[in-house]
Amino acid sequence: MTVRLARITYERHLRVWRLRLDPDATGAGDKVGDLIGFSGNIHHPDDELKVTMLLAAWDVRPEPGGWRDEDGTWVVPVVRLSQAS
């Protein structure tokens with residue numbers, strides 16, 4: 001069950017990639033984390049691991065094969081780890 005979206009964006013003024021987790025249906029639980037050393041490609045194994053670990057710390061995981069590029073922003077549906085099968 002998809003609970004929300006995660007997005008990776010580049011903050012040009014800070015020169016850092018950021019992972020953002022959208023709020024859940026109640027409007028709570030939004031998160032932001034810096035991805036230091038991120039190459040800009042979620043399909044790079046090291047970058048995928050960084051993102052997956054940060055999402056796991058937030059108790060969610062990306063849906064398999066769900067990453068898509070939307071105008072320079074990586075977006076993926078995520079599910080709660082407690083609901084993942």
Side-chain angles (χ1 to χ4, degrees):
M1 171 159 125
T2 300
V3 293
R4 50 192 149 169
L5 293 175
R7 304 168 193 276
I8 298 173
T9 57
Y10 186 68
E11 303 283 342
R12 291 195 190 282
H13 61 288
L14 298 174
R15 297 183 181 160
V16 67
W17 287 92
R18 286 213 165 137
L19 178 63
R20 296 181 184 279
L21 184 61
D22 288 352
D24 61 19
T26 68
D30 56 325
K31 309 266 186 199
V32 175
D34 292 347
L35 296 172
I36 306 302
F38 185 75
S39 73
N41 184 351
I42 188 58
H43 301 298
H44 186 279
D46 291 340
D47 290 340
E48 183 178 13
L49 180 61
K50 286 177 194 174
V51 170
T52 301
M53 290 176 63
L54 185 52
L55 289 173
W58 296 340
D59 196 35
V60 295
R61 70 154 174 83
E63 288 189 343
W67 285 103
R68 62 188 187 277
D69 184 359
E70 292 186 357
D71 296 324
T73 298
W74 289 102
V75 179
V76 69
V78 295
V79 295
R80 269 187 266 158
L81 287 174
S82 57
Q83 295 179 346
S85 52

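Residue numbers start at 1 and run along the sequence shown. Computed from heavy atoms alone, side chains included, the values below leave out hydrogens, waters and symmetry copies.
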Run the side chain to side chain donor-acceptor pair (under 3.5 Å) test against Asp24 and tell me which residues pass, sequence neighbours left out.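 If we apply the side chain to side chain donor-acceptor pair (under 3.5 Å) test to Asp24, skipping adjacent residues, the hits are Thr26.
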Does any pair with a residue in residues 29-42 pass salt bridge (Lys or Arg N to Asp or Glu O under 4.0 Å), and if so which ones, sequence neighbours excluded?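 Residue pairs with at least one partner in residues 29-42: Arg18-Asp34.
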Pick out which of Leu35, Ile8, Val75, Asp69 makes a side chain to side chain contact (heavy atoms under 4.5 Å, CB included) with Ile42.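 The passing option is Ile8.
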Acceptor/donor pairs from residues 47-56 side chains to any protein atom, 3.5 angstrom cut, sequence neighbours excluded:
{"unit_1": "Asp47", "atom_1": "OD2", "unit_2": "Ser39", "atom_2": "N", "d": "2.9"}
{"unit_1": "Asp47", "atom_1": "OD2", "unit_2": "Ser39", "atom_2": "OG", "d": "2.4"}
{"unit_1": "Lys50", "atom_1": "NZ", "unit_2": "Ile36", "atom_2": "O", "d": "3.2"}
{"unit_1": "Lys50", "atom_1": "NZ", "unit_2": "Gly37", "atom_2": "O", "d": "3.3"}
{"unit_1": "Thr52", "atom_1": "OG1", "unit_2": "Glu48", "atom_2": "O", "d": "2.8"}

To check you understand the geometry: which heavy-atom pair defines the closest contact between Gly66 and Pro77, and what is its length? O-CD, 3.7 Å
Least distance between heavy atoms, Gly29 atom then Leu21 atom: O-CD2, 4.1 Å
Test of understanding: with salt bridge (Lys or Arg N to Asp or Glu O under 4.0 Å), list the residues that count as partners of Asp22, not counting sequence neighbours. Arg7
Can you list every ring pair (Phe, Tyr, Trp, His ring centres under 6.0 Å) pair that touches residues 49-78, not counting sequence neighbours?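 Residue pairs with at least one partner in residues 49-78: His43-Trp74.
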Scan for ring pair (Phe, Tyr, Trp, His ring centres under 6.0 Å) pairs involving residues 19-39, sequence neighbours excluded, and state none if there are none. Trp17-Phe38
